[in-house]
Amino acid sequence: FGTTSHTGSLAVYIILNDQVVVSATVDPTITFALSTNAISLGILAVASVSSQTMTAQTVTNATGGYSTTVIENNNLRIGATANDINDVSVAGTIDAGTEEYGMSTNDTTDGPFDIIYDADCAAVFNADPITSTVQTVSGDPTGPTNETATLCLAASITAQTVAGAYEHTLTFVTTGTF
C-alpha cells in the first residue's frame, strides 16, 4: 500500500470594503436617593443635643463625578413667624444649653465642602449653618462613582427658646459632570 498525498488550493475574494465599524452608545446616568424625606429631631431639651442622620447616595457614570448641594427655604422656625432656632456659627459645634441648629457631613473623600465634616454625629456635634445660599454637602470630582454620604442634623435650645413646632424644608440637588 502506498502513501497518498492530496493537494489543494483555496481562494478568498477580498472586497474593497473589508472593514466594519461597530459603534455603541452609553447614555449618561445619575441616580440620587435620600434615605428619608422627613427628619424628626424630636422634643428638644435644654440639657441635650438632639440629632438625626440621613444618607444621600449618588450613583453615576459621569467621568467628571458629581456634586450634591443643599439649600433651605427658611430657618428652622415656627410657621411663618420670626421665632426660629438660631443657626450654629460657621464651623462651630452645637452645645447643649445653647440655641443652635446645623448640619454636618461624613464625606471627606474629595472635599472640602461648604458643610463641615463630622465622622459620626455623636458626642461632639460639629456643624455648619444651613442657609438660603447653595452649599455643597458631598461630591466626587472623578467617576464613575457609587458613593453614600451620611448627613447629620442637630439642634439644641435654651430655656428661653419659644415653645412650638419648628420646621423648614431642605432641597438637595445632585449634578453630574458628564
Side-chain angles (χ1 to χ4, degrees), residues 26-44 49-95 99-157 164-178:
V26 175
D27 287 335
T29 60
I30 189 164
T31 304
F32 177 69
L34 296 172
S35 60
T36 185
N37 64 356
I39 294 284
S40 174
L41 294 173
I43 298 172
L44 303 180
V49 175
S50 293
S51 67
Q52 197 60 249
T53 63
M54 61 187 279
T55 60
Q57 181 185 26
T58 303
V59 179
T60 183
N61 63 357
T63 57
Y66 79 98
S67 175
T68 298
T69 60
V70 65
I71 190 169
E72 70 179 3
N73 66 330
N74 49 254
N75 284 341
L76 184 60
R77 68 184 187 188
I78 301 172
T81 70
N83 295 318
D84 66 6
I85 295 179
N86 297 332
D87 286 335
V88 65
S89 62
V90 174
T93 58
I94 296 178
D95 302 306
E99 187 179 284
E100 298 175 301
Y101 167 70
M103 175 189 278
S104 63
T105 179
N106 78 337
D107 189 352
T108 60
T109 309
D110 298 293
F113 302 114
D114 298 320
I115 298 295
I116 195 170
Y117 169 78
D118 190 319
D120 59 4
C121 193
V124 177
F125 294 93
N126 294 318
D128 269 320
I130 307 165
T131 68
S132 58
T133 303
V134 173
Q135 297 167 284
T136 306
V137 296
S138 67
D140 192 339
T142 62
T145 188
N146 179 349
E147 183 175 88
T148 301
T150 299
L151 308 174
C152 175
L153 294 125
S156 181
I157 60 169
Y166 290 76
E167 69 177 36
H168 71 155
T169 300
L170 304 178
T171 301
F172 291 88
V173 175
T174 296
T175 307
T177 307
F178 292 93

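Put simply, the side chain of Asp128 never gets that close to the backbone of Met103: no donor and acceptor are under 3.5 Å apart. In this structure a side-chain-to-backbone donor-acceptor pair under 3.5 Å is present from Asp114 to Thr136. At least one donor-acceptor pair closer than 3.5 Å links the side chain of Thr105 to the backbone N or O of Val137. Judged by distance alone, the side chain of Thr60 and the main-chain N or O of Ala62 form a donor-acceptor pair under 3.5 Å. Remark: the backbone N or O of Asp27 is paired with a side-chain donor or acceptor of Asn61 at under 3.5 angstrom. The main-chain N or O of Ala122 is found under 3.5 Å from a side-chain atom of Asp120 such that the two form a donor-acceptor pair. Under a 3.5 Å cut-off, the side chain of Asp118 and the backbone N or O of Asn106 do not form any donor-acceptor pair. Judged by distance alone, with hydrogens and angles left aside, the side-chain atoms of Asp140 form no donor-acceptor pair with the main-chain N or O of Gly65 at under 3.5 Å.
Across every non-hydrogen atom of Gly102 and Ile130, the tightest pair is C-CD1, 4.5 Å. Between Gln135 and Pro129, the shortest heavy-atom contact is NE2-O, 2.9 Å. Residues Ala127 and Ser104 share a closest heavy-atom pair of CA-CB, 4.4 Å. Nearest heavy-atom pair across Asp107 and Tyr66 is OD2-OH, 4.2 Å. Ala154 and Ile94 make their closest contact through O-CD1, 3.1 Å (heavy atoms, listed as atom of the first residue, atom of the second, distance). When all heavy atoms of Met54 and Leu34 are compared, the pair lying nearest together is CE-CD2, 3.5 Å.
The environment of CG in Asn37 is sparse: at most 12 heavy-atom neighbours from other residues, nucleotides or ligands sit within 6.0 Å. Residue-environment remark: CD (Glu167) stays at or below the threshold of 12 foreign heavy atoms within 6.0 Å.
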**Study point:** Phe172 vs Thr174, side-chain contact (heavy atoms from CB on, under 4.5 Å): CA-CA, chis, key distance, verdict
**Key:** CA-CA 7 Å; Phe172 291 88; Thr174 296; 5.7 Å; no

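Note that the OG1 atom of Thr169 and the CG atom of Asn74 stand 7.0 Å from one another [nearest 0.5 Å]. For the atom pair Ile157 CD1 and Ile43 CD1, the distance stands at 10.0 Å (nearest 0.5 Å). In this structure, CD1 on Ile71 lies 7.5 Å from OG1 on Thr171, to the nearest 0.5 angstrom. Atom CD in Gln57 sits 4.0 Å away from atom OG1 in Thr148 (nearest 0.5 Å).
Of the N and O atoms on the side chains of Thr55 and Thr150, not one donor lies less than 3.5 Å from an acceptor on the other residue. For Asn86 and Glu99, the side-chain atoms include at least one donor-acceptor pair closer than 3.5 Å.
In this structure, the side chain to side chain contact (heavy atoms under 4.5 Å, CB included) partners of Ser50, at least two apart in sequence or on a different chain, are Leu41, Leu44.
Proximity of Phe32 to Val173: side-chain heavy atoms (C-beta onward) are nowhere separated by under 4.5 Å. Glu100 has its side chain within reach of Asp95: a pair of non-hydrogen atoms, C-beta onward, lies under 4.5 Å apart.
Ring pair His168/Tyr101 is perpendicular by interplanar angle, where above 60° counts as perpendicular and below 30° as parallel.
The side chain to side chain contact (heavy atoms under 4.5 Å, CB included) test with Leu170 singles out one residue from Ile39, Leu153, Leu151, and that residue is Leu153.
Counting only residues at least two apart or on different chains, no ring-ring contact (aromatic ring centres under 6.0 Å, His included) pair has a member in residues 104-141.
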